[in-house]
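Here's the structure we're looking at; comments come further down.
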2 protein chains.
Amino acid sequence: MTATRVLIVDDEQLVRAGLRMILQSAADLEVVGEAGDGAQALRAVAEHRPDVVLMDIRMPGTDGLTATRQLADLANGPKVLVLTTFDLDDYVFRALQAGASGFLLKDTPPLELLNAVRVIAAGEAMLAPTVTRRLITHYAADSRDRRKQTALHRLTALTDRESEVLVAVGRGWPNAQIGRELYMSEATVKAHVSKLLEKTGSTNRVQVAILAHEAGLLG
Amino acid sequence: MTATRVLIVDDEQLVRAGLRMILQSAADLEVVGEAGDGAQALRAVAEHRPDVVLMDIRMPGTDGLTATRQLADLANGPKVLVLTTFDLDDYVFRALQAGASGFLLKDTPPLELLNAVRVIAAGEAMLAPTVTRRLITHYAADSRDRRKQTALHRLTALTDRESEVLVAVGRGWPNAQIGRELYMSEATVKAHVSKLLEKTGSTNRVQVAILAHEAGLLG
DNA sequence: GCGAACCGCTACTTTCGTCGGGGGTAGCCG
DNA sequence: CGGCTACCCCCGACGAAAGTAGCGGTTCGC
């Protein structure tokens, strides 16, 4: 499997450097370029053909939302992961409408960011927990609408059984113990863990456990 | 291996119940009794012969420090893990002088508490990170004194290489990648991970990774 | 020089994670 | 209605990764 190509777009040099450091810690991700505003981002995309663009919203010149919209219009364009300091409602909805595949805050833990990039590169969507909660509230009014439900479902959504296994993995339990506690065979536990790996974009249970903790599922 | 027997000493019913819940999640630990003050604790120890006593300091009647001192005087007495809300210097030093094997704050994450109980049952010592830092500061004045250094060393003390591996495990890296990044064979990585398991009282790398995060070693 | 601690390694056992598949339920459609 | 599709939950088997046990080599203080 060849590495996922990532372009970093942010007006602050320091932020770009920090993101680059984080991304470089992952062997399966490659930073192919940086840009300081939306216009530069479009040129950089044409030049470097990234799979994923990490996009800041607030930037001088062409802002991130405009750039995201333009990238979304491209045939075979990159996925866009919006990364911003504030989770204002306005930003979230406009970013998603502009075609972003994900929305994370800048205080997101590094590992979660890496997972988000992987998930998005795989064609799925990824939102920050607070953003997800807001989306749910937003959709709550017409929660009977099945299309919107399933759309939400594809974002994070673990099944009941998967959630139980997630917590158990987060406690550091081995599969055999999880099986005993949840009344299923070890083989089934493994199947659920595999699903969790796939859905979270992780490559092993350690990363899943850490995500569980960062999501506040455990003490 | 037979289960480690634990006695819970705290004047608040709710706290005792919470601790009991946490301890019961571990198959290798067994809560053999509870006590509401120091005097009850002594009687309960005589009756139930616990391996480890979880001891609150502030209690009506006989306080935790006094009880700890009395338990430490017993031949073949239990190890005492002091558990308190405040990490006042005074408490820490007096508790350790009284013969406590460990000192944790009540906001310690459950998993870390479990590890602390295991480590202490094994005859080692375990302090909360903030307490450790204070101890180091305390000893810093005469840091050339080797005896005190090694004494400190036996408490938490990971070697340089182990610390590097710990961080890598905390990132969720597989052993092969850790080996490449740190220039050692995968076999050596495993040896270091085994040492980490032993020193932290964990049974697998997931728990170690979580501890690394809770200790603030990673984002 | 001897013991203690650290680092590194090989060889072996145990646990993980993947692959493929069976059985059940619910919606969709001709 | 049957047949199709899409999940979800469950399982056995097998290669891959993790973890254990044990052994050389080095350094450093006694």
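Lettering follows sequence order; numbering is per chain, from 1. All heavy atoms count here, side chains included; hydrogens, waters and symmetry mates do not.
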Practice task
Answer yes or no: are there more than 12 heavy-atom neighbours, outside A/Arg49 itself, under 6.0 Å from its atom CZ?
Solution key: no
Can you check side-chain contact (heavy atoms from CB on, under 4.5 Å) on B/Leu23 and B/Leu54, steps first, answer last?
CA-CA 11 Å; B/Leu23 293 170; B/Leu54 284 190; 3.9 Å; yes
Send over the distance from [X] [atom1] to [N] [atom2], rounded to a whole Å.
X        : N      : atom1 : atom2 : value
A/Leu197 : C/dC19 : CG    : P     : 11 Å
A/Gln207 : D/dA17 : CD    : C1'   : 14 Å
A/Glu198 : C/dG17 : CD    : P     : 14 Å
A/Asn204 : D/dA17 : CG    : P     : 11 Å
B/Lys190 : C/dT15 : NZ    : P     : 14 Å

Which heavy atom of [X] sits nearest a heavy atom of [Y], and at what distance?
X        : Y        : value
A/Val82  : A/Ala100 : CG2-CB, 3.7 Å
B/Ala212 : B/Leu166 : CB-CD1, 3.8 Å
B/Pro78  : B/Pro50  : CB-O, 3.4 Å
A/Thr68  : A/Met55  : OG1-CG, 3.8 Å
A/Gly170 : A/His213 : O-NE2, 2.8 Å
B/Val206 : A/Ala209 : CG1-CB, 3.4 Å

Query raised in the report: Can any side-chain N or O of A/Asp51 pair as donor or acceptor with the backbone N or O of A/Arg5 at less than 3.5 Å?
Result: yes
Exam field: side chain A/Thr188 to backbone A/Met184, donor-acceptor pair closer than 3.5 Å = no
It should be established whether [X] places a side-chain nitrogen or oxygen under 4.0 Å from OP1 or OP2 of nucleotide [N].
X        : N      : result
B/His192 : C/dG8  : yes
A/Thr159 : D/dC7  : no
B/Ser194 : D/dT20 : yes

Numerically ordered, the residues 173-187 of chain A set in heavy-atom contact under 4.0 Å with DNA chain D is A/Met184, A/Ser185, A/Ala187
Computed from five pairs at either end and rounded to 10 degrees, the angle between the axes of the helix from C/dG1-D/dC30 to C/dG30-D/dC1 is 20°
Item checked: Residues A/Ile178, A/Val169; criterion side-chain contact (heavy atoms from CB on, under 4.5 Å); working and verdict -> CA-CA 8 Å; A/Ile178 297 173; A/Val169 169; 4.0 Å; yes
Considering only heavy side-chain atoms of A/Thr188, the closest of C/dG17, D/dC10, D/dC8 is D/dC10
Looking only at D/dC9, C/dG8, C/dG17, the nucleotide nearest the B/Arg161 side chain is C/dG8
By nearest-heavy-atom nucleotide on DNA chain C, the more 5' of A/Lys195 and B/Asp160 is B/Asp160
Produce the list of close N/O pairs, under 3.5 Å, pairing protein atoms with atoms of nucleotides 22-24 of chain D; give distances to one decimal.
none

